[in-house]
Amino acid sequence: MAKPAKHFMCSACGAAFPKWAGRCEACGEWNTLEEQMPLPALPGGMKPSAARAGKIDFVGLAGMSPPPPRVATTIEEFDRVLGGGLVPASVVLVGGDPGIGKSTLLLQAGTALGRAGRQVVYISGEESVDQIRLRAARLGLTEAPMALAAATQLGDILASLTQFPDAALVVIDSIQTMWIEGIDSAPGSVTQVRAAAFELIRAAKTQGFALMLVGHVTKEGNIAGPRVLEHMVDVVLHFEGDRGHQFRILRGIKNRFGATDEIGVFEMTGAGLAEVANPSALFLAERRGNVAGSAVFAGLEGSRPVLMEIQVLLSPNPGGSPRRSVIGWDSGRLSMLLAVLDARCGLKLAMNDVYLNVAGGLRITEPAADLAVAAALISAASDVPTDPSMVFFGEIGLSGELRQVAQAELRLKEAAKLGFSQAASPKRVAGGAARLSVPNTLKLVEIGHLTDLIGVATSGVKAAVQNKEVS
Ligand code: TYD
Ligand code: MG
């Protein structure tokens, strides 16, 4: 018999390798390769199923059954990320670091659905029934209808789920604690996690309930991470945030029924997760307008405009090899901006440590933040605060030119809504994009090249910056 080709699988990303190695070549994690049991050979090859007698039906592309109505959990931030509520018989994977609030979120979503008259089943493999009741009491949810159980053996769970033919939602917290008797590997291993997810997904599709799987993101190789399940499920959500901050962001990573890149913003309070309907106000709440080195970025998270504060601190480091410490942004992008500021504007920061922080614990991935970061850097270098009534957005190219970014109107509207009166943005090119409608309380300050920004970011101190020896 030929030897099965693939023997080791990475528990973090699911990549398969013929040989063991200390580090996964695909995702770079250490000690995550696990030996896989070869699948038993099928005696006599594959057989057609008895139910279908070896026949499947083929159809054309035309004709469509109407999509099933979505079920809103009534937690708006959650429904938005799902694309407008739960799709019956769909499978949602909610990943996140341990302790970030996944169980709390799903308990709140489940009870909200229960209160809306739907049947909800919550199965925990991590906590006892009493622990969950304690949390429910803390959240004031003890009266909400919900079927709760602590279990980990999948055979028992699947058999018991048939008691709930009308279930709208089944929560499994977490998939890494589930195990199937007869599979010869530990709970949490790639084999167990995949097999358990496969069986649960099958039950969701046949019984018609929406399934939510909690998956811990883990750096240790002994538990399979959610990535090994991403291709099996319909929706992948990440619950993220800094445990030192109260903000939590639910981010759509994959969604077969809606847009990805949507975010839901929550605040972890003493009484559970509170929805944050206006994140910009929250992220800017602690801003002090009169400090040099700060600029407000009019950003976009999914379809939603979010204003956030970029903070920069410079500290002299004449000894060479200066530090570049970045939280919430890409450090490669910061190096590029520093080089452009140096080459095109003569702003020399090579003898300074640069600390950059996105206040509130958000993570920015958009290049549109370039202009706000540049403004914060210029402000820090010149020790003059940026205009507190101004927001910034725009991408910066290597020659210092400003480039248009997506959804300028949305950004401007959000800035106007929060009381800002000026927006520094890339200069519109003649014959370029369609007319921009600018809210009438907002003045647009168009910037064509980075050198124009110096005057704008720290109005009136252009000369000071250019003459100052920042090194
Ligand atoms: P939890 O939902 O258990 O996290 P996960 O399931 O992702 O591991 O949440 C754990 C943290 O949330 C815990 O450190 C305490 C905090 N928390 C609050 O701050 N307020 C609350 O009302 C609750 C229920 C939890
Ligand atoms: Mg939990």
Side-chain angles (χ1 to χ4, degrees), residues 12 73 75 77-78 81-82 91-115 120-144 146-152 154 157 169-179 187-188 192-193 196-197 200 211-220 222-227 229-230 233 235-253 263-276 282 360-361 363:
T73 62
I75 298 186
E77 294 293 305
F78 195 60
V81 182
L82 289 172
V91 183
V92 181
L93 175 68
V94 181
D97 290 332
I100 206 72
K102 300 179 296 297
S103 304
T104 309
L105 178 71
L106 295 191
L107 187 68
Q108 287 184 241
T111 46
L113 209 58
R115 282 188 167 149
V120 177
V121 181
Y122 191 109
I123 296 172
S124 176
E126 305 215 324
E127 290 160 299
S128 68
V129 165
D130 280 336
Q131 279 173 306
I132 298 165
R133 283 180 168 162
L134 199 69
R135 176 180 294 143
R138 180 171 169 184
L139 303 177
L141 296 172
T142 43
E143 300 307 314
M146 174 184 266
L148 178 66
T152 54
L154 203 74
I157 293 173
L169 171 66
V170 173
V171 177
I172 300 289
D173 185 3
S174 66
I175 188 65
Q176 283 124 339
T177 54
M178 299 293 138
W179 61 284
Q192 283 283 7
V193 164
L200 283 162
L211 174 68
M212 284 211 179
L213 303 174
V214 171
H216 289 299
V217 172
T218 155
K219 289 253 184 284
E220 283 85 47
N222 49 5
I223 306 181
R227 281 183 66 186
L229 297 178
E230 282 183 0
V233 302
V235 179
V236 179
L237 307 179
H238 265 214
F239 202 39
E240 51 191 51
D242 195 13
R243 255 180 287 175
H245 285 103
Q246 71 272 40
F247 315 119
R248 298 285 181 272
I249 292 179
L250 186 65
R251 201 181 281 280
I253 305 289
I263 63 161
V265 184
F266 297 89
E267 193 179 355
M268 183 59 98
T269 69
L273 290 159
E275 294 184 66
V276 176
L282 189 73
R363 233 205 109 65

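Throughout, numbering of the chain's residues begins at 1 and tracks the sequence. Counting starts at 1 for both ligands and their atoms, in listed order. Keep in mind that this is a model prediction, so the values were computed, not measured.
- L106 places none of its side-chain heavy atoms less than 4.5 Å from the side chain of D173.
- Residue contacts with ligand 1, taken as heavy atom pairs separated by less than 4.0 Å, involve R138 solely via side-chain atoms from C-beta onward.
- Nearest protein neighbour of atom 22 (O) of ligand 1, counting heavy atoms only, is G272 N, 2.7 Å.
- Counting only non-hydrogen atoms, the option in R135, E127, K102, R248 that gets closest to atom 3 (O) of ligand 1 is R135.
- If you check which protein heavy atom lies closest to atom 17 (N) of ligand 1, you get M268 SD, 3.7 Å.
- The backbone N or O of S128 sits less than 3.5 Å from a side-chain atom of Q131, completing a donor-acceptor pair.
- Between the choices A136, G96, G99, the shortest heavy-atom distance to atom 14 (O) of ligand 1 belongs to G99.
- Annotation: P98 places no N or O atom under 3.5 Å from an N or O atom of ligand 1; distance criterion only.
- Atoms of ligand 1 found under 4.0 Å from any heavy atom of A271, numbered from 1 in the order shown, are 22 (O).
- F266 contributes atom CZ, which lies 5.0 Å from atom CG of L105 (distance to the nearest 0.5 angstrom).
- Considering both main-chain and side-chain atoms, G270 comes within under 3.5 Å of ligand 1 through a nitrogen or oxygen pair.
- Taking CG from L169 and CG from L113, the interatomic distance works out to 6.0 Å, rounded to the nearest 0.5 Å.
- Inclusion of G101 in the set of residues having an N or O under 3.5 Å from an N or O of ligand 1 is warranted.
- Under a 4.0 Å criterion applied to the non-hydrogen atoms of L139, ligand 1 contributes the atoms 22 (O), 24 (C).
- In summary, the atoms of ligand 1 found under 4.0 Å from a heavy atom of T269, numbered by their order in the structure, are 18 (C), 19 (O), 20 (N), 21 (C), 22 (O).
- In summary, S174 places no N/O/S atom under 2.8 Å from the Mg ion (ligand 2), failing the contact criterion.
- Ranking protein heavy atoms by distance to atom 6 (O) of ligand 1, first place goes to S103 OG, 2.6 Å.
- With E240 as reference, R251 is the one residue of K102, R251, R363, R248 to meet the salt bridge (charged side-chain N to carboxylate O under 4.0 Å, His left out) rule.
- The closest non-hydrogen atom to atom 25 (C) of ligand 1, taken over I132, T104, L134, comes from T104.
- For atom 11 (C) of ligand 1, the nearest protein heavy atom is under 4.0 Å away.
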